[in-house]
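Everything below concerns the one structure shown next.
By convention here, the first residue in the shown sequence is residue 1. All of these numbers come straight from a predicted model, not from anything done at the bench.
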Amino acid sequence: NNPTHPTWWDNKISTNWLNGAAADKFYAGDTVVFDDSAIGTTAEMIGTLQPSQILFSNAVKAITINGAGGLNAGSMTANGTALTTIANNAGNTFSFGLTQNSGTLTFNNAGVNAFGSGVVVNGGVLNIANAVANSFGSLTLAGGNVNILSPAAQSFGAVNFTGAGTLTFDQPANLTM
């Protein structure tokens, strides 16, 4: 890790990543994996980051993504059974959507989250706790739970229940479909 800024996730500056076994910097278009081999459990986003995909495979370590930056990613997949929290001060875009397979993934960031082609929940828990409106595209619940904890209006293109999943609104939120 970069000794000056060991938690920074930035574009081509800090050597806080591994490319195989070699230390590396983050470049736009990289695939980013968070797993239990990570030295730290917090990544502080600096600027707008553009990974092609983000994969959470953290079975034990809780991961927190925070900072002033935002994500403009291709997709995000949560496979880890541990807690993951997105708590940055900006909005995030996932053009090709989000897939929640296991664990608990919580969005508690300050900006709007746009899930492009949609959200698929096969298992685990997805918490939407940021205080602003989000755009889900479509929402497919094949299993697991989606908890809308935000008081803001949420926009869904469609909601499809294909399994035993649950959708809960904890606040008097508005629903737009």
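Aromatic ring centres of W17 and F34 lie closer together than 6.0 Å. Here F115 and F107 bring their ring centres to under 6.0 angstrom of each other.
Distance check, rounded to the nearest 0.5 Å: OG1 of T104 to CG of N145 gives 9.0 Å. In this structure, CD in Q50 is found 9.5 Å from OG in S95, a value given to the nearest 0.5 Å. To the nearest 0.5 angstrom, N127 atom CG is 9.5 Å from D170 atom CG. Interatomic distance, CG of N147 versus OG1 of T166, reported as 6.5 Å (0.5 Å rounding). Of the inter-residue distances, the one linking I148 atom CD1 with T168 atom OG1 reads 9.0 Å to the nearest 0.5 angstrom. To the nearest 0.5 Å, atom CG of residue N58 and atom OG of residue S37 are 10.5 Å apart.
Across all their heavy atoms, Y27 and K25 have their closest contact at CD1-O, 3.3 Å. Smallest separation of non-hydrogen atoms from T106 and A129: CG2-CB, 4.4 Å.
Annotation: side chain of T81 is in contact with side chain of S102 (closest heavy-atom distance under 4.5 Å). When side chains are defined from C-beta on, W9 counts as touching V32, because their heavy atoms get closer than 4.5 Å. Side-chain atoms of L126 and V119, non-hydrogen and from C-beta on, do get closer than 4.5 Å to each other. Side-chain contact between N134 and I128 is present, with at least one heavy-atom pair separated by less than 4.5 Å.
Just one of T31, L71, T77 meets the side chain to side chain contact (heavy atoms under 4.5 Å, CB included) condition when paired with I54; it is L71. Exactly one of N113, L105, T64, N108 qualifies for a side chain to side chain contact (heavy atoms under 4.5 Å, CB included) with I86. That residue is L105. For the side chain to side chain contact (heavy atoms under 4.5 Å, CB included) test with I46, the passing option among D10, N11, I13 is D10; the others fail. Of the residues I65, L49, N109, the one that meets the side chain to side chain contact (heavy atoms under 4.5 Å, CB included) test with N88 is N109.
For the pair T140 (side chain) and V120 (backbone), a donor-acceptor distance under 3.5 Å is absent. Side-chain atoms of T7 never come within 3.5 Å of backbone atoms of A43 as a donor-acceptor pair (strictly under, hydrogens ignored).
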Check your understanding: Between N160 and L141, is a side-chain contact (heavy atoms from CB on, under 4.5 Å) present by the stated rule, with each step listed?
Key -> CA-CA 6 Å; N160 303 298; L141 285 159; over 6 Å; no
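Remark: the N79 side chain and the S57 side chain contain no N/O donor-acceptor pair separated by less than 3.5 Å.
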